[in-house]
Amino acid sequence: MNDLIHLIAITPWAIALVKIGVVLVIMLGLVAYTVLAERRIAALIQDRRGPNRVGPFGLLQPVADGVKFLFKENVMPAHVNKIYYVLAPTITLIPALLTFAVIPFGSTLGGVPMVIADLNVGVLWIFSIASLGVYGIVLAGWSSNSKYPFLGGIRSSAQMISYELSMGMSVIGVFMLVGSLNMTRVVGYQHDCWLVFKQPVGFLIFLVAAFAETNRLPFDLPESEQELVGGYHTEYGSMKFALFFLAEYANMITASALMVTLFFGGWQFPFIGFAPNHPMWNGVLHIGIFFAKLLCLMLVFIWVRWMFPRFRYDQLMNLGWKVFFPLGLANILLTALILTMQAPR
Amino acid sequence: MGPYATSYVLIGALMLFGAMVGVAPLVISAWLRPRKPSPLKNQTFECGLESKGDSWVQFKVQYYIYALVFVIFDLETIFLLPWAATFHQLGLFAFLEMIVFLVVLVGGLVWAWRKGVLEWK
């Protein structure tokens, strides 16, 4: 055991790279199986069977889908702006993966902190990267040089920036309580009481904004099938479409991970806080708790998608600008007022 | 290398790996997939009909106005974050200062609202 820890101490770079690799592999695996879970749960809700033929319970369906995507012909329409058309899926995907860098997904495992980069400006990193996601979608819509993707892209840009605002407002209360922008500190602050109980309004705004930011129902106007065919990815097929799909689910995962970290105590056991006594097993347990919480929130994403009808665009914008934005401001003022009154003189 | 620089190097590494995740499937599928383009297949998708006109349709100016209002208020969030992080240490004066800042911005929001900027017509 001690030898192992010693070995880890002399190879911090190797450990860090392994950590990055493992995080990416877990993310991609989660994406694959969230897609399957979504299809199975949708089937359950709509009283049908869903994919159950490939492997036991359809568990090999993601593999089959992946192989199919790889072998599909790549139709590149003649009128597209080729460079941006090819780049757009990748540009959408990378920010979704990058946001995960500052999220602590466990305490420590054999002395190694379970976070890729513990930036002291964690939340700024998250917001700056998350807002890059819109570029991929707008580029896809614009470079396709076709009407439906164009409208999808432009809708998406207005929607995402509007809700980004509410999202930014909603977390300010959290950081006023914590007194730091570092994500590990945010988790540490919640050892006795989760922030969702101290910032319920903030959480509500964040949750709704997360749905809008990930373009999920009830806010999936950028790709609303009945009016825009496929929205910004109408002209995409084969692997390029798969990358958009991957990005959407990766965005859901990072949004869930963010909510776990900001509002649900991160990797900590509910209500107990958990004092470490055995470094190895506690570390594993903490990672398990983090991912258990993350999966619960993913289920909420899936459940909402099959339960709620789509908003109209004016309703969406009104909700963002006239309800959640003022509500976010009020939440900040209220938090500031309470904190100032509580402060010792 | 200090921990500050290290974490940014790691983020760079993650960016590189992430880019690989985005590019590798495209490259692999480029080897595997068939290629049979035809003029009909390469047309713009318009629900099976022949495509009409180009894609540069007129769109509502409202999208653009939302973007303009966004820029103003997004900056506000950036200013609020450091204030929030150091709120405990700043005391009453900073609290009042920020209230003034917020009131000015709320004034801006109210103005935009009454002007009908936030209205989707």
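Letters go in sequence order (proteins before strands), and every chain restarts at 1. Remember, it's a predicted structure, so these values are computed and weren't measured experimentally.
For the atom pair H233(A) NE2 and L243(A) CG, the distance stands at 12.0 Å (nearest 0.5 Å). With rounding to the nearest 0.5 angstrom, the OG atom of S143(A) is 11.0 Å from the NZ atom of K82(A). One distance of note links CG of L333(A) with CD1 of I99(B); it measures 4.5 Å at 0.5 Å rounding. The NZ atom of K72(A) sits 14.5 Å away from the CG atom of L32(B) when rounded to the nearest 0.5 Å. One finds the CG atom of L339(A) at 9.0 Å from the CZ atom of F95(B) (value rounded to the nearest 0.5 Å). For the atom pair CD1 (I126(A)) and CE (M167(A)), the distance works out to 9.5 Å, reported to the nearest 0.5 Å.
Within the 6.0 Å centre-distance limit, the rings of Y313(A) and Y63(B) are counted as a close aromatic pair. Y232(A) and F150(A) have their aromatic ring centers separated by at least 6.0 angstrom.
Annotation: maximal heavy-atom pairing with chain B below 4.5 Å, among F71(A), F127(A), F175(A), F100(A), occurs at F71(A). Contacts with chain B were tallied for I161(A), D314(A), L70(A); I161(A) has the most, counting heavy-atom pairs under 4.5 Å. Of the listed residues (W113(B), W83(B), Y8(B)), the one with the most heavy-atom contacts under 4.5 Å to chain A is W113(B). Counting heavy-atom pairs closer than 4.5 Å to chain B, the top-ranked of the candidates L181(A), L93(A), L119(A), V86(A) is L119(A). Interface check for chain B: of the options L165(A), L337(A), L97(A), L246(A), the most heavy-atom pairs under 4.5 Å are formed by L165(A). Most heavy-atom pairs under 4.5 Å with chain B: of the set I94(A), T90(A), L98(A), this distinction falls to L98(A). When A336(A), G168(A), G66(A) are compared by the number of non-hydrogen pairs under 4.5 Å with chain B, A336(A) comes out ahead.
Near-neighbour residues of residues 67-74 of chain B relative to chain A, defined by a heavy atom under 4.5 Å from a heavy atom of that chain, comprise A67(B), V69(B), F70(B), F73(B), D74(B).
Proximity to chain A is limited to the side chain of E76(B), based on heavy atoms less than 4.5 angstrom apart. Heavy-atom distances place the side chain of V121(A), and not its backbone, under 4.5 Å from chain B. The part of M76(A) that comes within reach of chain B is its backbone (N, CA, C, O), which places non-hydrogen atoms under 4.5 angstrom from that chain. Proximity to chain A is limited to the side chain of L109(B), based on heavy atoms less than 4.5 angstrom apart. At a 4.5 Å heavy-atom cutoff, K60(B) makes no contact with chain A through either its backbone or its side chain. Contact of N182(A) with chain B is not made at all, since no heavy-atom distance falls under 4.5 Å. Looking at L24(A), the atoms closer than 4.5 Å to chain B (heavy atoms on both sides) all sit in the side chain, from C-beta outward. Within the 4.5 angstrom heavy-atom criterion, only side-chain atoms of V123(A), from C-beta onward, approach chain B. In this structure, chain B has heavy atoms under 4.5 Å from both the backbone and the side chain of R155(A). With a 4.5 angstrom heavy-atom cutoff, L124(A) touches chain B only via side-chain atoms. With a 4.5 angstrom heavy-atom cutoff, L102(B) touches chain A only via side-chain atoms. Looking at K19(A), there are no atoms closer than 4.5 Å to chain B (heavy atoms on both sides), in backbone or side chain. With a 4.5 Å cut-off on non-hydrogen atoms, Q159(A) does not touch chain B at all.
Summarising the geometry of A250(A) relative to A96(A), their closest heavy-atom pair is CB-CB, 3.8 Å, with the distance given to 0.1 Å. Contact between A212(A) and M160(A) at its shortest, heavy atoms only, is O-CG, 4.3 Å.
Inter-residue side-chain proximity for V106(B) and V110(B) is flagged as met; some heavy-atom pair is nearer than 4.5 Å.
The neighbour count for R33(B) CZ, taken as heavy atoms of other residues, nucleotides or ligands under 6.0 Å away, is above 12. Counted within 6.0 Å of CZ on F101(B), heavy atoms from surrounding residues, nucleotides or ligands total more than 12; the atom is thus considered enclosed.
Residue M176(A) is tested with V178(A), I172(A), V174(A) for a side chain to side chain contact (heavy atoms under 4.5 Å, CB included); the sole match is I172(A). Considering Y148(A), Y85(A), F245(A) as possible partners of Y236(A), the one that fulfils the ring pair (Phe, Tyr, Trp, His ring centres under 6.0 Å) test is Y85(A).
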For residues 317-331 of chain A, which side-chain donor-acceptor pairs fall under 3.5 Å, sequence neighbours excluded?
residue	atom	partner	partner atom	Å
W321(A)	NE1	S162(A)	OG	2.9
K322(A)	NZ	E119(B)	OE1	3.0
K322(A)	NZ	E119(B)	OE2	3.0
N331(A)	ND2	Q199(A)	OE1	3.0

